[in-house]
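A short write-up of the structure that comes next.
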Amino acid sequence: MASLIVAGGTPLSGTIRVSGAKNAALPILAASLLSERPVALYDCPRLRDVKNMLAILGALGVRWAWDEEKLLLDTSAANAYVMPQGLSKELRSSIFMLGPLLARFGHAVCTFPGGCEIGHRPIDLHLRGLTMLGVGIREEHGLILCDGHSMTGADIHLDYPSVGATENIMMAAVRAEGETVIQNAAREPEIEDLQTFLRKLGYGVWGAGSSTIRISGGRGCADHMSEGGPAERDCIAHRVIPDRIVAGTLLCAAAITGGEVTLCNAVPAHIASVMAKLRESGCSIRAEGDVIRIAAHARPREIKLIETLPYPGFPTDMQAQFFALCTVADGTSMIVENVFENRFKHGAELLRMGASFTQKDRTIVIRGVERLMGTRVVARDLRGGAALTLAGLAAEGETIVENAELIDRGYERLDKMLASLGAVIRREDAETEEP
Ligand code: UD1
């Protein structure tokens with residue numbers, strides 16, 4: 001059990017580098033199983049979810065090691081296709097392993113994945129897509145048993161542009177004989193990063209970033225191997241894209257404290273929708289190259305409407321942080337959560353801090369108050385926990401965010417990032433008592 005203890009009232013200021021994206025790193029780690037050569041991954045964030053994914057890979061025979069800032073992976077000795085059950089339950093992204101395992105071994109066995117409690121998160125789109133590639137899927141005693149020894153390319157139209165399903169199908173399809181076309185594919189930047197990585201491994205994948213992705217599949221990839229000197233041929237090097245949600249969270253932290261912050265290693269195009277809403281709230285934002293500067297000198301203004309949508313719409317992963325921002329805005333704001341049905345758990349905690357809002361189904365109407373009051377609150381999920389920390393930065397007195405280990409799933413020590421910008425924040429890790 002960890003807690004973040006925040007003393008509110010200090011405007012943030014300073015410069016901070018944005019870390020690599022969790023949601024890009026996780027599928028890339030899974031895709032490393034498809035590499036015939038060792039992989040050197042740069043900017044892979046050291047997060048709890050990454051640690052769990054590495055433990056899963058380790059259990060399947062993958063060797064990995066951190067070499068300062070670089071994560072080295074050698075999947076040549078991978079020898080198992082049965083996912084460790086306990087670890088899979090910890091991490092929803094363990095479902096990404098299905099595609100690569102099928103591509104590598106022709107078989108995969110996993111359990112229903114775990115992850116943040118943000119609503120019912122089915123995997124029907126993943127399984128339907130794999131079925132269309134010719135994978136035989138059975139469910140037995142809570143296990144999903146997949147047989148993909150004769151996968152063939154297919155035209156797959158997703159009912160919804162699911163990020164995970166798009167990635168899983170891409171990874172399986174690289175070894176499905178013939179061409180696979182995914183229509184209504186998710187368009188998130190992390191999918192483009194996965195495509196870049198798969199192409200470095202020598203696979204034919206095109207179209208990521210648009211709604212139609214084409215994969216030219218088949219056994220073996222040596223023919224397409226990238227060119228270069230012996231050193232480059234030894235190892236596939238890849239740098240993970242910057243985390244747009246970490247960037248957005250830090251911008252919100254500046255906005256809620258009336259601060260002035262500069263982000264470097266950011267991709268402004270990836271957070272255009274977030275920057276638009278921050279401008280609507282009165283912040284001045286300038287973006288140039290990979291640098292974003294935000295200045296927020298006054299109380300935030302109301303934001304008329306935020307509707308979460310698949311990319312390039314407003315990200316659901318930024319909804320909670322904007323919820324916190326709107327609680328102290330001058331005026332009434334509205335948020336509609338379209339992506340996940342149960343993603344307002346931070347609301348009840350914000351109420352305890354003096355926020356004022358009403359909820360009907362997936363819509364929240366927030367009447368901004370002049371000041372929140374610090375108190376003891378509980379993080380219920382990753383982004384909700386980050387939002388409560390931001391609320392604490394703006395609150396009068398001390399806020400204690402319990403269950404902070406949930407925040408570690410997506411931020412490399414959010415407390416340290418905020419402290420480096422002048423926030424008065426510390427972390428306490430309670431010892432768990434022996435039973
Ligand atoms: C990914 C991100 C997560 C983000 C989400 C939406 C990773 C590791 N996680 O999650 O941070 O919040 O995208 O941007 O990249 N759905 C189905 N059936 C399926 C799959 C999904 O009904 O088989 C539904 C989900 O319940 C949800 C919606 O589709 O309502 C979006 O889910 P999806 O895009 O798949 O999100 P994830 O890949 O789980």
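Note that these values count all heavy atoms, side chains included, but never hydrogens, waters or copies made by symmetry. Both ligands and their constituent atoms are indexed starting at 1 by order of listing. As the structure is a prediction and not an experimental result, all values here were calculated from the model.
The shortest N/O to N/O separation between Ser93 and ligand 1 does not fall below 3.5 Å. The shortest N or O to N or O distance between Phe340 and ligand 1 is not under 3.5 Å. Residue Leu125 has at least one N or O atom closer than 3.5 Å to an N or O atom of ligand 1. Residue-to-ligand polar distances keep Ala165 apart from ligand 1: every N/O pair is separated by 3.5 Å or more. Between Asn23 and ligand 1, at least one pair of N/O atoms sits closer than 3.5 Å. For Asp124, a nitrogen or oxygen atom sits less than 3.5 Å from a nitrogen or oxygen atom of ligand 1, counting backbone and side chain alike.
Atoms of ligand 1 found under 4.0 Å from any heavy atom of Val339 (numbered from 1 in listed order, with element): 27 (C), 28 (C), 30 (O), 31 (C). Taking a cut-off of under 4.0 Å to the non-hydrogen atoms of Ile123, the atoms of ligand 1 that pass are 19 (C), 23 (O). When each atom of ligand 1 is checked for a heavy atom of Gly164 under 4.0 Å away, the hits are 35 (O), 38 (O).
Relative to atom 20 (C) of ligand 1, the option among Gly129, Pro27, Pro122 with the closest non-hydrogen atom is Pro122. With distances taken over non-hydrogen atoms, the option nearest atom 34 (O) of ligand 1 out of Val163, Leu127, Thr316 is Val163.
Between Tyr42 and His238, the distance from one ring center to the other does not fall under 6.0 angstrom.
Note on Arg48 versus Glu405: no salt bridge recorded, every NZ/NE/NH1/NH2 to OD/OE distance being 4.0 Å or above. A salt bridge links Arg244 with Glu190: the closest approach of a Lys/Arg side-chain nitrogen to an acidic carboxylate oxygen falls below 4.0 angstrom. The existence of a salt bridge linking Arg301 and Glu280 is excluded, since no basic side-chain nitrogen approaches an acidic carboxylate oxygen closer than 4.0 Å. Classification of Arg17 and Asp290 as a salt-bridged pair fails, no side-chain N sitting under 4.0 Å from a carboxylate O.
Under the 3.5 Å distance criterion, with hydrogens and angles disregarded, a donor-acceptor pair is assigned to the side chains of Asp147 and His149.
Residue contacts with ligand 1 include Arg92, since one or more of its heavy atoms lies under 4.0 Å from the ligand. At least one heavy atom of Arg343 lies less than 4.0 angstrom from ligand 1.
Atoms CG and SG, on Leu71 and Cys44 in that order, are 5.0 Å from each other to the nearest 0.5 Å.
Within the 4.0 Å heavy-atom criterion, the part of Tyr160 lying near ligand 1 is the side chain and not the backbone.
Within 6.0 Å of the CZ atom in Arg279, the count of heavy atoms belonging to other residues, nucleotides or ligands exceeds 12. Applying the 6.0 Å contact sphere to CZ of Arg214 captures no more than 12 heavy atoms from other residues, nucleotides or ligands.
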